[in-house]
Amino acid sequence: MRDFFRTRQAAGWLPPGTDTDRLAKYLACQLRGMAVQARDGVSRRQLRALVALLMTLWPQLARLSAAAPIATPDARETCLGTPLEDGVNCFPYLC
């Protein structure tokens, strides 16, 4: 997905400052979440509603800049690749 966005960025479809790495990670998370929901029985109508929401956010996502600050985690959070204080394991492939 990152390569796809970089190609589109080079073609002028995305602004030059778009953080294609973060954009690809974000969309990969969205797709994985939707896949889990589909597996668990969420209807096509509900999944399409999620896609519609994502597409309304697309203009903002496409402008996601490498210079834009990343949200600061609260005191209980650490990098996604490490366990939280309560021992819940996170997703190491997102870091």
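The figures that follow rest on heavy atoms only: side chains count, while hydrogens, waters and symmetry mates do not.
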Once side chain to side chain contact (heavy atoms under 4.5 Å, CB included) is applied, do any residues pair with Ala24, and if so which ones, sequence neighbours excluded? Met1, Arg2, Phe5
What about Leu64 and Phe4, same hydrophobic cluster or not, with Ile/Leu/Val/Met/Phe/Trp/Tyr joined at side-chain heavy-atom distances under 4.5 Å?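 Leu64 and Phe4: separate clusters.
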Quick one: closest heavy-atom pair of Leu50 and Met34, and the distance? CD1-CG, 4.1 Å
Which atom pair, heavy atoms only, marks the closest approach of Pro15 to Ala62?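 Shortest heavy-atom contact: CD-O, 3.3 Å.
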Residue pair Leu54 / Tyr26, side-chain heavy-atom distance below 4.5 Å: yes
Are any non-hydrogen side-chain atoms of Val51 and Met55 less than 4.5 angstrom apart? yes
Determine, step by step, whether Leu23 and Arg63 satisfy the side chain to side chain contact (heavy atoms under 4.5 Å, CB included) criterion, reporting the C-alpha distance in whole Å, the side-chain angles of both residues, the deciding distance to 0.1 Å, and the verdict. CA-CA 9 Å; Leu23 183 58; Arg63 290 189 306 266; over 6 Å; no
Using the test salt bridge (Lys or Arg N to Asp or Glu O under 4.0 Å), find all partners of Arg8 that sit at least two apart in sequence or belong to another chain.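 Scan of Arg8 (salt bridge (Lys or Arg N to Asp or Glu O under 4.0 Å), adjacent residues dropped) gives none.
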Ala38 backbone acceptor or donor facing Arg44 side chain under 3.5 Å: no
Once rounded to the nearest 0.5 Å, what's the spacing between atom CG of Leu14 and atom OG1 of Thr7?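 Result: 10.0 Å between the selected atoms.
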Rounded to the nearest 0.5 angstrom, the CG-CZ distance for Asp21 and Arg6 is 4.5 Å
Pairs flagged by side-chain hydrogen bond (donor to acceptor under 3.5 Å, both in side chains) wherever residues 46-58 is involved - sequence neighbours left out: Ser43-Gln46
